[in-house]
Amino acid sequence: MTNNDLNWIANYIWGIADDVLRDLYVRGKYRDVVLPMTVLRRLDAVLESGKQAMLDMKETLDAAGIVEQDAALRDAAGQAFYNTSKFTLRDLRSRASRERLEADFRDYLDGYSPNVQDILECFEFRNQIPRLSKADALGTLIEKLTSPEVNLSPNPIRNEDDSIRVPGLDNHGMGSIFEELVRRFNEENNEEAGEHWTPRDAVKLMAKLVFLPVADQIESGTYLLYDGACGTGGMLTVAEDTLQEMAAERSKAVSTHLYGQEINAETYAICKADLLLKGEGEAADNIVGGPEHSTLSNDAFPSHEFDFMLSNPPYGKSWKTDLERMGGKKDLRDPRFLIEHDGNPEFSLVTRSSDGQMLFLASKLSKMKHGTPLGSRIAEVHNGSSLFTGDAGQGESNIRRWIIENDWLEAIVALPLNLFYNTGIATYVWVLTNRKPEHRRGKVQLIDATGWFKPLRKNLGKKNCELGDDDITRICDTFLTFEENKHSRIFDNEAFGYWKVTVERPLRIEGIDPERAYKATEIKELREHGQRSEKAPAVIKRIHKRGTDADPLRGLFEATIGGDAAVVEYEPDTSLRDTEQIPLQEAGGIDAFLRREVLPYAPDAWYRPEHVKVGYEISFNRYFYKPEPMRSLEEITSDILALERETSGLLDGLLVRAK
């Protein structure tokens with residue numbers, strides 16, 4: 001079929017909703033009926049030719065008392081699914097009564113294989129049957145979908161002379177029609193579309209950022225693709241098509257296996273149905289979903305490793321329920337989120353419970369391949385908080401640190417505002433790999449693509465622009481060229497790291513003995529009732545043994561105790577405690593910074609090296625923000641004088657009228 005044929009079929013099915021469902025459902029709910037009915041009609045048409053052989057096999061298996069029949073019935077049907085009901089949709093058109101039709105239709109649904117039952121349950125389609133039946137809409141739907149005007153079968157409809165009247169619809173064509181219907185319904189419901197459906201232009205960009213750098217290294221073979229927040233499966237299918245296309249251009253034969261996990265039942269059903277309709281039954285079996293299948297608390301593929309991974313995880317969404325299922329922060333032992341790094345066997349990647357988006361990225365990193373030439377490549381969309389949220393030592397910062405110190409981060413691309421359906425906030429594509437090419441090692445590229453877009457003629461929710469093909473090409477060329485310009489900045493990994501240093505100053509209390517150490521109970525009393533003063537002596541909490549070297553910057557100060565030189569530690573004054581964020585690339589390190597920036601103003605300050613934490617953050621504004629130049633005094637004066645001339649006489653006129 002041509003693209004025009006496919007569009008005609010999509011329009012025909014789209015029109016059924018208005019014709020049959022207008023007075024039964026609000027427009028936003030049409031998809032609750034149209035999508036599952038479209039799936040059923042396609043599956044029914046595909047199974048028609050092998051229906052009798054499958055029924056015969058079912059009878060044989062039942063007679064032999066065989067319980068596990070799924071594999072045998074799939075083989076008999078010649079598909080990854082089957083239907084053991086004696087009815088087809090065509091048979092149901094002839095039902096005279098509404099009650100008989102509903103009963104037989106339920107029998108027909110009950111005959112489908114477990115994988116199709118899973119789809120129907122997640123669509124909650126059986127809940128729609130009473131309403132459809134009561135309004136006599138069920139029979140009309142079946143009649144319109146089985147009409148000879150439209151062919152959802154892989155076999156052509158022929159004329160009496162055996163010539164083709166309507167060509168057959170192959171799996172790819174059916175998948176395209178279904179995806180078009182999903183797209184239209186998502187755009188109809190644009191307020192919620194972005195929750196489960198990433199705009200196709202953004203997906204194309206992500207797929208190219210994943211595959212283009214290694215396109216010439218792809219060999220014939222099998223590749224595994226994964227999306228841990230797969231929604232309706234658009235990223236997986238676009239990524240698969242992109243990989244197949246690039247491989248074919250280089251005369252390579254590749255096979256792909258798709259894996260995905262999705263917590264929302266309806267979008268999971270759409271994803272699985274789409275793969276079944278495309279003839280990818282094995283891939284459909286690798287899609288796991290439903291409310292009980294959260295990627296964070298119930299990983300469906302804990303032992304798998306994947307070649308390519310893409311995702312648009314939910315951001316700004318609480319994962320508190322998942323955290324509780326995993327035992328809470330104290331008892332969480334998931335090896336994806338509690339790892340070994342930099343000598344710490346319990347390096348925590350656990351983020352705030354109010355936003356779990358970066359945990360999806362950490363989960364993917366745990367599934368990277370380490371024993372293959374290409375390793376793994378990842379593209380994931382995040383909002384701006386993933387760049388900087390989280391203090392040093394906290395989960396978000398630790399994830400950034402783990403990624404950057406392992407040299408996995410290739411680039412981050414800032415996307416145009418209002419590119420997604422339900423949010424106008426800034427979004428970024430993170431591109432990662434554990435097989436960086438030589439020229440990228442130790443470096444991170446930041447790309448500002450916020451100005452590269454085409455405006456839409458009509459807004460779709462918050463989405464008012466899109467990435468055109470030339471915009472995608474421009475971004476990818478900037479990424480591949482790996483050169484500095486006003487839209488591309490390249491940094492050493494360490495440029496994003498910093499030490500968080502706690503700076504202490506001594507507790508100074510009037511009237512104390514400056515030559516003795518105070519006990520903890522005494523210090524507590526001094527804190528509560530003593531008179532603080534900058535000129536008072538510092539409270540000593542420990543006098544070190546002879547031979548201890550003084551090191552004032554680390555809290556070991558020289559003092560005179562009973563006429564002898566000694567080294568002491570002072571009790572810190574928590575009210576004077578401060579922190580400094582010192583870049584890892586600071587020349588001379590922490591000591592040089594404190595001597596230059598702190599000691600001239602607080603000579604008695606010190607820090608504890610054991611309390612220093614390492615953090616990482618990435619600030620696009622710091623590198624790409626271009627402040628508007630201030631207007632000159634002459635321009636401002638000119639404007640003021642012009643306003644005075646425009647308003648001259650107004651006050652006089654008002655006074656005259658008042659008289």
Side-chain angles (χ1 to χ4, degrees), residues 1-18 20-21 29-47 79-81 89 112 115-116 118-120 122-125 128 141-142 144-147 149-155 166-189 193 196-200 203-204 227 230-241 258 260 262 264-287 289:
M1 287 191 180
T2 65
N3 285 334
N4 286 337
D5 293 329
L6 299 180
N7 285 332
W8 185 90
I9 294 174
N11 290 334
Y12 178 91
I13 298 173
W14 184 258
I16 291 175
D18 273 335
V20 182
L21 305 177
K29 293 296 183 180
Y30 285 178
R31 66 182 184 185
D32 294 353
V33 174
V34 174
L35 293 181
M37 282 298 294
T38 302
V39 171
L40 289 172
R41 175 55 190 140
R42 172 62 176 186
L43 300 183
D44 183 77
V46 168
L47 292 173
Q79 303 292 335
F81 51 91
L89 282 179
Y112 269 108
N115 52 353
V116 179
D118 190 20
I119 293 171
L120 294 174
C122 288
F123 271 128
E124 298 183 350
F125 180 60
Q128 312 303 327
L141 279 171
I142 294 173
K144 285 183 174 292
L145 284 170
T146 56
S147 166
E149 290 184 51
V150 61
N151 185 20
L152 297 187
S153 168
N155 303 312
V166 182
L169 181 62
D170 62 19
N171 289 329
H172 180 77
M174 184 65 229
S176 299
I177 291 169
F178 191 72
E179 287 184 3
E180 173 65 11
L181 292 172
V182 171
R183 183 191 67 79
R184 292 188 189 185
F185 281 123
N186 277 325
E187 290 182 355
E188 281 281 314
N189 300 338
H196 312 295
W197 198 70
T198 306
R200 189 53 55 95
V203 178
K204 286 181 180 178
D227 183 348
C230 65
T232 56
M235 280 198 186
L236 286 172
T237 54
V238 170
E240 180 183 40
D241 292 344
L258 307 183
E262 169 59 37
N264 181 275
E266 184 189 25
T267 49
Y268 157 66
I270 292 172
C271 177
K272 192 163 186 172
D274 186 31
L275 292 171
L276 273 182
L277 297 182
K278 291 177 178 176
E280 300 188 34
E282 182 183 349
D285 289 339
N286 291 333
I287 305 299

Among I287, D285, L275, which residue meets the side-chain contact (heavy atoms from CB on, under 4.5 Å) test with E280?
L275
Do the non-hydrogen side-chain atoms of V182 and R31 ever get within less than 4.5 Å of each other?
no
Which distance, rounded to the nearest 0.5 Å, do you find between the CG of D170 and the OG of S153?
11.5 Å
Please report the interatomic distance CG(L258) to CG(D227), rounded to the nearest 0.5 Å.
10.0 Å
Please report the shortest heavy-atom distance between L47 and Y112, naming the atom on each side.
CD1-CE2, 4.1 Å
Hey, what do you get for CD1 (I9) to CG (N4), rounding to the nearest 0.5 Å?
11.5 Å
Out of F178, F185, Y30, W8, which one pairs with W14 under the ring-ring contact (aromatic ring centres under 6.0 Å, His included) rule?
F185
For the side chain of N115 and the backbone of A284, is there at least one donor-acceptor N/O pair under 3.5 Å apart?
no
Checking side-chain contact (heavy atoms from CB on, under 4.5 Å) against R42, which of D44, V46, L40 comes through?
V46
Where do V39 and L277 land on the side chain to side chain contact (heavy atoms under 4.5 Å, CB included) test, with the steps shown first?
CA-CA 7 Å; V39 171; L277 297 182; 4.2 Å; yes
With I16 as reference, evaluate V150, L145, V34, T38 under the side-chain contact (heavy atoms from CB on, under 4.5 Å) test and give the passing residue.
L145
Does any non-hydrogen side-chain atom of T146 lie less than 4.5 Å from one of L152?
no
A265 and C122: which non-hydrogen atoms are nearest, and at how many Å?
O-CB, 3.2 Å
Would you check if R41 and I142 make a side-chain contact, meaning some heavy-atom pair closer than 4.5 Å?
no
Check side-chain hydrogen bond (donor to acceptor under 3.5 Å, both in side chains) between N7 and all other residues, then give those that pass, not counting sequence neighbours.
none
Without swapping roles, check the side chain of E262 against the backbone of N264 for a donor-acceptor pair under 3.5 Å.
yes
Under 4.5 Å between any side-chain heavy atoms of K278 and E179, yes or no?
yes
In Å, rounded to the nearest 0.5 Å, how long is the span from CE of M174 to CG of N151?
11.0 Å
